[in-house]
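Keep in mind that this is a model prediction, so the values were computed, not measured.
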Amino acid sequence: MGKTALIVIDMINTYDHEDADSLIPAVESVLPALTGLLQRARRQGVPVIYVNDNFGEWRSHHGEILDQALSGPHARLVEPLRPDDASLFVVKARHSIFYETPLTYLLHQQEIDRLVLCGQVTEQCVLYSALDAHIRHLQVIVPRDAVAHIHADLADAALRMMQRNMGARLCDSGELWT
């Protein structure tokens with residue numbers, strides 16, 4: 001058995017996209033759980049890997065993405081989740097954390113075989129990432145209170161699909177690294 005990593009999906013965000021008004025209230029509600037999860041993971045020495053959309057900016061890197069999000073009107077949603085010096089960062093272009101990224105290689109190099117997926121959006125990027133992790137024979141854990149959604153009904157269905165179809169373990173964030 002390998003190691004566990006905490007994967008933070010798309011939380012470094014400017015929230016200037018089409019669904020932002022629907023997403024922001026959910027982000028606000030999961031922010032305390034997500035912040036606590038990050039703090040506990042770091043205290044336990046669990047690798048934290050941010051996998052974040054590049055928002056179509058192909059010349060961007062993680063520092064630019066973070067600076068842009070922190071200088072925007074929703075910096076209060078990003079600041080508590082800021083990557084620390086030990087955090088790893090993978091830039092993605094599409095929904096899945098694996099699609100056209102070096103994440104599979106990174107996980108292999110770090111001997112990580114269990115992923116705790118948190119972030120946004122439950123019914124999109126988290127769902128697709130859980131499926132891609134499953135087909136790579138990685139164990140998946142999803143803390144329900146640390147994933148934000150746009151549509152609550154679709155998020156509930158996505159969580160059930162992750163559990164039933166992908167063998168994901170659903171839990172509350174407080175159950176991890178206590």
Side-chain angles (χ1 to χ4, degrees), residues 1-13 15 19 22-53 69 74 76-84 86-90 92 95-98 101 103 106-107 110 112-178:
M1 176 107 22
K3 299 188 310 193
T4 300
L6 178 63
I7 309 293
V8 182
I9 302 171
D10 288 339
M11 292 305 296
I12 310 303
N13 200 305
Y15 297 97
D19 295 322
S22 299
L23 177 59
I24 288 171
V27 171
E28 291 170 334
S29 72
V30 303
L31 198 55
L34 240 168
T35 303
L37 190 61
L38 269 169
Q39 290 169 349
R40 290 190 310 278
R42 287 176 174 147
R43 266 197 313 269
Q44 295 290 325
V46 173
V48 176
I49 305 171
Y50 289 77
V51 184
N52 216 89
D53 199 327
H74 302 288
R76 65 185 170 72
L77 302 176
V78 178
E79 180 60 41
L81 306 173
R82 176 190 283 255
D84 66 7
S87 299
L88 302 173
F89 204 102
V90 174
K92 71 180 183 72
H95 297 84
S96 172
I97 59 178
F98 293 98
T101 75
L103 184 62
L106 171 64
L107 296 174
Q110 300 282 319
I112 294 167
D113 64 4
R114 187 179 316 107
L115 307 179
V116 175
L117 302 180
C118 64
Q120 61 188 9
V121 168
T122 309
E123 66 273 26
Q124 294 174 15
C125 299
V126 177
L127 173 64
Y128 306 144
S129 298
L131 174 59
D132 280 353
H134 174 71
I135 64 174
R136 287 169 173 77
H137 304 285
L138 297 165
Q139 297 175 34
V140 174
I141 301 168
V142 181
R144 290 180 285 265
D145 59 339
V147 288
H149 61 270
I150 295 170
H151 304 284
D153 60 330
L154 296 178
D156 290 341
L159 288 169
R160 286 194 317 270
M161 288 172 57
M162 286 182 246
Q163 183 178 41
R164 181 179 177 134
N165 298 345
M166 298 161 216
R169 175 181 157 218
L170 302 182
C171 66
D172 292 322
S173 62
E175 297 174 38
L176 300 169
W177 306 301
T178 55

Using the side-chain hydrogen bond (donor to acceptor under 3.5 Å, both in side chains) criterion, which residues pair with [X]? Sequence neighbours excluded.
| X | answer |
| --- | --- |
| Ser129 | none |
| Arg76 | Glu28 |
| Asp145 | Ser173 |

Verdict with supporting geometry, Val27 and Met11, side chain to side chain contact (heavy atoms under 4.5 Å, CB included):
CA-CA 9 Å; Val27 171; Met11 292 305 296; 3.8 Å; yes

Can you tell me which residue pairs pass the ring pair (Phe, Tyr, Trp, His ring centres under 6.0 Å) test with a partner in residues 145-178, sequence neighbours excluded?
none

Any ring pair (Phe, Tyr, Trp, His ring centres under 6.0 Å) involving residues 119-140? Give me the pairs, sequence neighbours left out, ordered by first then second residue.
His95-Tyr128

Please evaluate residues Ile135 and Phe98 with respect to the criterion side chain to side chain contact (heavy atoms under 4.5 Å, CB included), reporting the C-alpha separation (whole Å), side-chain torsions for both, the decisive distance (0.1 Å), and the verdict.
CA-CA 11 Å; Ile135 64 174; Phe98 293 98; over 6 Å; no

Identify the two heavy atoms, one from [X] and one from [Y], that lie closest to each other, and give their separation to 0.1 Å.
| X | Y | result |
| --- | --- | --- |
| Val116 | Pro143 | CG1-CD, 3.8 Å |
| Pro83 | Arg42 | CA-NH2, 3.8 Å |
| Thr4 | Pro47 | O-CD, 3.3 Å |
| Cys118 | Val147 | CA-CG1, 3.8 Å |
| Cys171 | Ile141 | SG-CG2, 3.7 Å |

Taking the six-membered ring for Trp, are Tyr50 and Phe89 parallel (under 30°), tilted (30 to 60°) or perpendicular (over 60°)?
parallel

Pairwise distance [atom1]([X]) to [atom2]([Y]) - rounded to 0.5 angstrom:
| X | Y | atom1 | atom2 | result |
| --- | --- | --- | --- | --- |
| Ile97 | Leu107 | CD1 | CG | 7.5 Å |
| Asn13 | Asn52 | CG | CG | 7.0 Å |
| Asp132 | Met166 | CG | CE | 9.0 Å |
| Leu176 | Leu6 | CG | CG | 8.5 Å |
| Leu81 | Thr35 | CG | OG1 | 4.5 Å |
| Ile112 | Leu88 | CD1 | CG | 7.5 Å |

Ignoring hydrogens and angles, tell me if any N or O in the side chain of [X] forms a donor-acceptor pair with the backbone of [Y] under 3.5 Å.
| X | Y | value |
| --- | --- | --- |
| Asp84 | Ser87 | yes |
| Lys92 | Thr101 | no |
| Asp10 | Asp53 | yes |

Give the intermediate values and the outcome of side chain to side chain contact (heavy atoms under 4.5 Å, CB included) for residues Val126 and Met162.
CA-CA 9 Å; Val126 177; Met162 286 182 246; 4.0 Å; yes

Taking only residues two or more places apart in sequence or in another chain, which ones pass salt bridge (Lys or Arg N to Asp or Glu O under 4.0 Å) with Arg160?
none

